[in-house]
Amino acid sequence: MSGTPTRAERVTKDHRAGFWCQWVRVLGRTSRAMLLRLNLRSGQAALARAALVGLLALLVRVAFVLDFAPRPLFDSNLATGTDMEFLVGWARRIAGGDLLGRGTGPFWWAPWFPYTLGGGFAILGQGNLVGAALAQAVLGALTCSLVYLLGRRLLDEGAGLVAGLLAAAYGPAIFYTGIFLSTTLEVFLAVAILLAVTVARARPTPRRWLGAGIVAGLGCLARPNFLLGVAAFGILLPVLLRRPDARPDWNLVRRAGVAFALGAVLAIAPATARNWVVGGRPVLVSAAGSETFRIANSYDSTPLNFVYPKKPRMPLASAAFWRHQARKAVMFWWGFEPSQNVNYYLGREISPVLGLPWIPFWLAVPLAVVGVWATRRRAHTLAHVYAFLGAYYVSVVAFFIIARWRLPLVIPLLLFTAAGILALLRWVAARQWGQAAAATAVAAALALVIYPGPGPFIFAADHGQLGYIFANRGAYAEAAHHLARAAAGLPEQAALHRDLGRLLHRLGRAAEARAALERAVALAPDDAASHRHLGRLLLAQGGDPGRARAHLARALALAPEGPGAGEVRTLLEGLEYR
């Protein structure tokens, strides 16, 4: 809870945090011993280490889900108007047999996550949100194993292992296992695409490139932004498949290109066909792109998160548009985790598991810069990673910056973070003090630049969301506390004052309730609900029946057939006999 905790709550939270810290220390010692004792052949050792990385990641994520699921913030997955509510509802319809979504037009959002979640609901039960979150925990753990395997292939054993462990310990990736957005699936597919292309480059047969194309197409069905990365692969194939003499093998390039394109088309085609046949028009994956672009690039658009703009979209050729893009391009690298739908920092405050000191963005990125420099001689080997991450970065900047959209870039970037850490250790061990000092200075300077500061990063809207969740749970005192903080931070939001007044009236705090409802009426004089609730309150107090009658009459005039209209008529009739 983001309000001021009681002493008992602080003791409980400290006890839980101490328990999890001790658990992580024991787990770290155990895993280190297991890693050192592995004495297997290369392939077996790689699989064993991949399994161990995945197991560590799974334990952390399962611990988080089991701790997070009973807490109020988990209910945000069903909060009215959120992306999670939409996606969970879509998945439940799929689990109930509505596989094609007839009558809904083309897919508005990318369909792969709702279909995978719907498959999970079909197996686990449509009400089993905890089971679905645990399934996401498994997928997140598999991602960490793939990061290890990718790093092992592209760099070396040590870098792969460190990168996998960093992915296991990246806070936002842990957090989104408990949130029903496509984030966990997107990150898994981003790493899977890079691994599939890495394998195809190592042994470039048409079959391998076909498989890589299928994986890439599935990624586009989860996050259409990946289409730009897929296009980058196609453009760079002559570079990716060049021979030792640095000349491209054009015959190989043609075969690989055809196979890769065919695989992507095979994966994406069912969604396109469904959009055309069932939805009524030929949309490649999802139809939300143009509207999202407008929201992100209008004259009053914000670079972080989004607000629905009132002004027109900036022309592509205008200086204002390109200034806006440049600002977003820089802010992408700020260490703050911009929220949408649910606040990561609120999750950290609530969950002792998430509150542990996991590696933050503002530290991972500067170390990755060191890693990019340290691995510069492997630029050709890493070319497809550069291309995919660069294309994805451009695609995100074209819209707006939110924490979950960054994750498909950040998790693969941890390969370079691992390389940077190991390079620093290697330079220190070799007493190459100049290189070590220069790299440390660069990393420290970048960390200071992008460090977001101490906060606070929990905003009025977050308190409002938590207040409504508490109200739905029947915890009215906690709900009133958070709605009061939300109303203080958003003083012009009439609905917050109205709902706060209703809660305070229910709690018997009549004077505070009257003040909140009068504020709501002043802000929104045509809101029938505010007049109705204020009239009821005044009538219950009994001191001002004339004002009560005026507000009830106004509510009935504004919404004669609206919610509560029958009750208002009854109250007004009762006043006639006084």
Side-chain angles (χ1 to χ4, degrees), residues 2-3 72 75-76 78-82 85-86 89 300 307-311 341 459-578:
S2 56
D75 292 0
S76 64
L78 299 177
T80 302
T82 61
E85 181 209 23
F86 177 85
D300 53 343
V307 294
Y308 286 97
K310 297 178 181 178
K311 296 182 179 180
N341 294 288
F459 305 110
D462 303 312
H463 286 291
Q465 180 187 50
L466 200 54
Y468 286 115
I469 289 171
F470 274 117
N472 289 333
R473 286 188 166 209
Y476 299 121
E478 292 89 344
H481 168 75
H482 286 286
L483 285 186
R485 297 189 67 174
L490 297 168
E492 303 304 314
Q493 294 289 327
L496 282 174
H497 293 279
R498 179 193 67 212
D499 295 335
L500 174 61
R502 293 176 61 194
L503 283 171
L504 293 170
H505 186 195
R506 182 186 288 268
L507 292 168
R509 295 156 61 178
E512 297 171 81
R514 179 172 177 172
L517 288 169
E518 286 176 342
R519 174 67 176 164
V521 167
L523 289 169
D526 293 333
D527 179 34
S530 296
H531 285 285
R532 184 174 76 251
H533 292 302
L534 180 56
R536 289 178 58 213
L537 173 62
L538 293 171
L539 193 59
Q541 288 181 306
D544 199 345
R547 287 195 65 203
R549 179 185 292 106
H551 284 292
L552 291 172
R554 178 66 174 156
L556 193 60
L558 288 168
E561 302 300 329
E567 178 194 13
V568 171
R569 288 190 180 91
T570 301
L571 293 173
L572 286 171
E573 289 171 2
L575 282 170
E576 294 298 327
Y577 295 101
R578 291 195 178 188

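Computed from a predicted model, the values in this text were never measured in an experiment.
Here the closest heavy-atom approach between residue Gly489 and residue Ala460 is recorded as CA-CB, 3.7 Å. Heavy-atom minimum distance, Ala494 versus Ala524: CB-CB, 3.6 Å. Scanning both residues, Arg532 and Pro563, for their nearest heavy atoms gives NH1-O, 3.0 Å. Of all heavy-atom pairs between Ala528 and Ala559, the closest is CB-CB, 3.8 Å. Among all heavy-atom pairs drawn from His551 and Val521, the shortest one is CE1-CG1, 4.2 Å. Annotation for Leu504 and Ala480: closest pair CD2-CB, 4.2 Å, computed over non-hydrogen atoms.
Remark: His481 NE2 to Glu478 CD distance equals 9.0 Å, nearest 0.5 Å. Between the CZ atom of Phe470 and the CG atom of Asp75 there is a distance of 9.5 Å, given to the nearest 0.5 Å. Within the model, atoms CZ of Arg509 and CG of Leu503 stand 9.5 Å from one another, a figure rounded to the nearest 0.5 Å. The structure places CG of Leu500 at 11.5 Å from CZ of Arg498, a figure rounded to the nearest 0.5 Å.
Counting only distance, with no hydrogens or angles, the side chain of Glu518 and the backbone of Leu534 share no donor-acceptor pair below 3.5 Å. Using a distance-only test at 3.5 Å, with no hydrogens or angles considered, no donor-acceptor pair links the side chain of Asn472 to the main chain of Ile469. Formation of a donor-acceptor pair under 3.5 Å by the His497 side chain with backbone atoms of Pro491 is found in this model. When atom types are taken as modelled, the side chain of Thr82 and the backbone of Glu85 share a donor-acceptor pair closer than 3.5 angstrom.
Atom CZ of Arg502 has 12 or fewer neighbouring heavy atoms from other residues, nucleotides or ligands inside a 6.0 Å radius.
Each side-chain hydrogen bond (donor to acceptor under 3.5 Å, both in side chains) pair with one or both residues in residues 561-572, not counting sequence neighbours, appears once here: Arg536-Glu567.
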>> Could you go through Tyr476 and Leu483, starting from their C-alpha distance and side-chain angles, then the distance that decides it, and tell me whether this counts as side chain to side chain contact (heavy atoms under 4.5 Å, CB included)?
In response: CA-CA 10 Å; Tyr476 299 121; Leu483 285 186; over 6 Å; no
> Checking side chain to side chain contact (heavy atoms under 4.5 Å, CB included) for the pair Arg519/Arg514: CA distance, chi angles, key distance, verdict?
Replying inline: CA-CA 8 Å; Arg519 174 67 176 164; Arg514 179 172 177 172; over 6 Å; no
> Stepwise, does the side chain to side chain contact (heavy atoms under 4.5 Å, CB included) test hold for Leu466 with His463?
Replying inline: CA-CA 5 Å; Leu466 200 54; His463 286 291; 5.7 Å; no
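Legend: residues meeting side chain to side chain contact (heavy atoms under 4.5 Å, CB included) with Arg554, ordered by chain and number and at least two apart, are Asp526, His531, Leu558.
At a threshold of 4.5 Å between non-hydrogen side-chain atoms, the residues Leu490 and Phe459 do not count as touching.
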